[in-house]
Amino acid sequence: MPAKPTEPDTIALSTEELQEITGFAAECARRVLPIFERSLPGDTRPRDAVEAAQAFADGGRRTQALRTCAWAAYKAAGHLTGEVTREVTGEAADGVAGDVPAGAAAADAARAASHAAAAAYLHPKASAHQVKHILGAAAHAARAEELASGGGRGGTGPTLAWARHHAPPAVTAVLGRLPAAPPGGGRVGELIRDLDAALRA
């Protein structure tokens with residue numbers, strides 16, 4: 001019996017594509033930095049992550065400092081998430097409806113910045129989970145806008161539409177080499193799948 005054909009384990013991914021994807025992610029995250037900075041005006045970790053991502057996109061080296069910035073922005077989100085969980089009894093920050101504390105939106109803005117810096121470390125693996133590395137910044141930015149507007153699903157704001165219309169060629173090209181975005185991930189996962197489907201159309 002002939003062996004069943006298998007999908008390739010890796011995809012083609014050039015440095016230029018990686019830089020273009022990271023620049024796209026940085027711009028998505030930059031759009032919601034004010035949401036974070038209104039909550040913690042003295043905390044520069046998300047902005048530092050966005051600027052580090054942009055420096056790589058502009059031709060800089062992919063250094064340990066970039067990875068460190070990504071983790072720092074992630075920790076900034078975690079700090080806020082802890083505050084939000086204490087504020088809203090029994091609800092995780094990503095699932096709060098109604099009167100959403102400003103910290104929940106700020107936490108997703110920080111996650112967008114973390115994903116922007118982490119986009120530089122996209123792996124050339126033929127895995128659906130890599131879609132999150134490409135579109136995670138856009139989805140978290142959209143979720144931050146949604147939460148900032150009151151948490152309703154119709155309030156994703158302008159970033160998701162901007163991402164649909166301004167994704168550079170590298171984003172759509174690399175998405176085309178990957179399986180579709182995976183299930184799960186809560187509301188951010190839904191936003192990733194919506195954007196993934198729109199960019200593949």
Side-chain angles (χ1 to χ4, degrees), residues 11-80 105-124 129-148 156-175 177-178 181 188 191-192 195-196 198-199:
I11 62 168
L13 181 65
S14 69
T15 299
E16 291 75 17
E17 287 174 326
L18 199 55
Q19 289 170 330
E20 203 168 293
I21 288 167
T22 304
F24 167 74
E27 182 55 33
C28 290
R30 190 188 308 278
R31 297 168 67 88
V32 294
L33 282 175
I35 295 175
F36 176 86
E37 291 170 345
R38 282 196 294 270
S39 287
L40 288 176
D43 191 334
T44 65
R45 289 176 290 179
R47 185 169 291 275
D48 292 344
V50 170
E51 296 305 331
Q54 189 62 57
F56 170 73
D58 290 341
R61 293 176 58 230
R62 191 172 63 173
T63 65
Q64 181 60 36
L66 179 58
R67 191 184 294 273
T68 299
C69 284
W71 275 111
Y74 180 80
K75 289 176 182 177
H79 173 74
L80 281 161
D108 266 298
R111 291 186 191 104
S114 176
H115 274 268
Y121 294 93
L122 173 70
H123 298 297
H129 291 284
Q130 296 305 309
V131 176
K132 295 190 288 186
H133 290 289
I134 299 173
L135 303 180
H140 278 288
R143 180 59 175 156
E145 290 172 336
E146 191 173 69
L147 288 167
T156 49
T159 294
L160 206 64
W162 182 91
R164 288 191 188 104
H165 293 101
H166 293 87
V171 168
T172 52
V174 175
L175 284 175
R177 299 170 203 157
L178 294 169
V188 170
L191 292 168
I192 288 173
L195 183 55
D196 182 40
L199 293 175

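Only heavy atoms go into these numbers, but all of them, side chains included; no hydrogens, no water, no symmetry mates.
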At what distance, to the nearest 0.5 angstrom, does [atom1] of [X] lie from [atom2] of [Y]?
X	Y	atom1	atom2	value
I134	H115	CD1	NE2	12.5 Å
E27	T22	CD	OG1	13.5 Å
E145	L191	CD	CG	10.5 Å
T159	R164	OG1	CZ	11.0 Å
T15	F56	OG1	CZ	6.5 Å

Are the side chain of [X] and the backbone of [Y] linked by a donor-acceptor contact shorter than 3.5 Å?
X	Y	answer
Q130	L178	no
S114	W71	no
R177	A12	yes
H166	W162	yes
T44	R47	no
D196	A181	yes

If we only count heavy atoms from C-beta on, is the [X] to [Y] side-chain gap below 4.5 Å?
X	Y	result
V171	E20	no
D43	H79	no
Q54	R30	yes
R62	L18	yes
L135	L175	yes
R31	P158	yes

Which heavy atom in [X] sits nearest to a heavy atom in [Y], and how many Å separate them?
X	Y	value
A138	A163	CB-CB, 4.2 Å
I192	G136	CD1-CA, 4.3 Å
P124	L13	CB-CB, 4.1 Å
A72	R45	O-CD, 3.5 Å
A53	A116	CB-O, 3.6 Å
C28	A141	O-CB, 3.5 Å

Check your understanding: Under 4.0 Å between a Lys/Arg side-chain N and an Asp/Glu carboxylate O for D108 and R111?
Key ->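 Judged by the 4.0 Å cut-off on N to carboxylate O distance, D108 and R111 do form a salt bridge.
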